[in-house]
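Only one structure is covered here, and it is reproduced in the block below.
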Amino acid sequence: MSENRQDQYFNLIDRLLKCPSGQEPEVLDTQPELVDAGLVKTLMQVATMMAHQDNQDGAKFLIFLARQLSKELGLYPEVSPKQ
């Protein structure tokens, strides 16, 4: 991953953290080219840093977002309940 690409991910994550609740899809729609596995990985890295800095709410939000995106991108296996 290039440094420029990582900076773009960080900027997008910063915008997601600052946007009003419920506006996240609109923020993501402004840069669809960044919505990929690299963004999911970066979300998890930032969430881990936030958890270590005692920002549990921010970390939980980013983990939730990473999980939702990974499902949409087909990176998160759907587990069906056992019958």
Side-chain angles (χ1 to χ4, degrees):
M1 175 184 333
S2 72
E3 192 173 319
N4 182 40
R5 183 83 170 176
Q6 188 141 29
D7 286 342
Q8 290 176 321
Y9 288 144
F10 288 142
N11 289 334
L12 182 56
I13 292 169
D14 190 49
R15 289 179 47 219
L16 287 165
L17 287 167
K18 291 177 180 175
C19 78
S21 183
Q23 302 263 323
E24 296 84 5
E26 288 85 356
V27 172
L28 291 170
D29 286 345
T30 64
Q31 292 184 287
E33 73 281 0
L34 294 179
V35 180
D36 58 15
L39 176 60
V40 172
K41 181 179 177 183
T42 306
L43 282 164
M44 293 304 294
Q45 290 171 337
V46 174
T48 301
M49 290 186 324
M50 291 179 114
H52 286 295
Q53 295 171 349
D54 238 11
N55 184 348
Q56 301 304 321
D57 290 338
K60 286 178 185 177
F61 169 72
L62 293 182
I63 290 169
F64 171 80
L65 201 54
R67 195 169 170 199
Q68 292 302 113
L69 286 175
S70 64
K71 285 179 183 179
E72 288 180 28
L73 294 169
L75 305 171
Y76 193 91
E78 288 292 328
V79 180
S80 59
K82 293 183 179 178
Q83 300 289 338

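Positions are given from 1 along the sequence.
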**Prompt:** Would you say Arg5 has more than 12 foreign heavy atoms packed within less than 6.0 Å of its CZ?
**Reply:**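 Check passes, neighbour count above 12.
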**Asked** What do you reckon, is CD of Glu26 surrounded by more than 12 foreign heavy atoms closer than 6.0 Å?
**Response**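 Yes, the 6.0 Å shell around CD holds more than 12 heavy atoms from other groups.
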Taking atom [atom1] of [X] and atom [atom2] of [Y], what is their separation to the nearest 0.5 Å?
{"X": "Asp36", "Y": "Tyr9", "atom1": "CG", "atom2": "OH", "result": "3.0 Å"}
{"X": "Gln56", "Y": "Ile63", "atom1": "CD", "atom2": "CD1", "result": "8.5 Å"}
{"X": "Thr48", "Y": "Leu43", "atom1": "OG1", "atom2": "CG", "result": "10.5 Å"}

Can you confirm whether [X] sits close enough to [Y] that some side-chain heavy atom of one is under 4.5 Å from a side-chain heavy atom of the other?
{"X": "Leu39", "Y": "Ile13", "result": "yes"}
{"X": "Lys71", "Y": "Gln68", "result": "yes"}
{"X": "Glu72", "Y": "Leu28", "result": "no"}

For the residue pair [X] and [Y], what are the closest heavy atoms and their distance?
{"X": "Thr30", "Y": "Val27", "value": "OG1-O, 2.5 Å"}
{"X": "Ala51", "Y": "Ala59", "value": "N-CB, 3.9 Å"}
{"X": "Leu12", "Y": "Gln31", "value": "CD1-OE1, 3.8 Å"}
{"X": "Pro20", "Y": "Glu24", "value": "O-OE2, 4.0 Å"}

**Request:** Evaluate the criterion side chain to side chain contact (heavy atoms under 4.5 Å, CB included) for residue pair Leu17 and Leu62; output intermediate values, then yes/no.
**Result:** CA-CA 8 Å; Leu17 287 167; Leu62 293 182; 3.9 Å; yes
Transitively linked via ILVMFWY side-chain contacts under 4.5 Å: [X] with [Y]?
{"X": "Leu69", "Y": "Phe10", "result": "yes"}
{"X": "Met50", "Y": "Phe64", "result": "no"}
{"X": "Met44", "Y": "Leu16", "result": "no"}

**Request:** Assess whether side chain to side chain contact (heavy atoms under 4.5 Å, CB included) is satisfied between Gln45 and Thr42, documenting all intermediate values.
**Result:** CA-CA 5 Å; Gln45 290 171 337; Thr42 306; 4.3 Å; yes
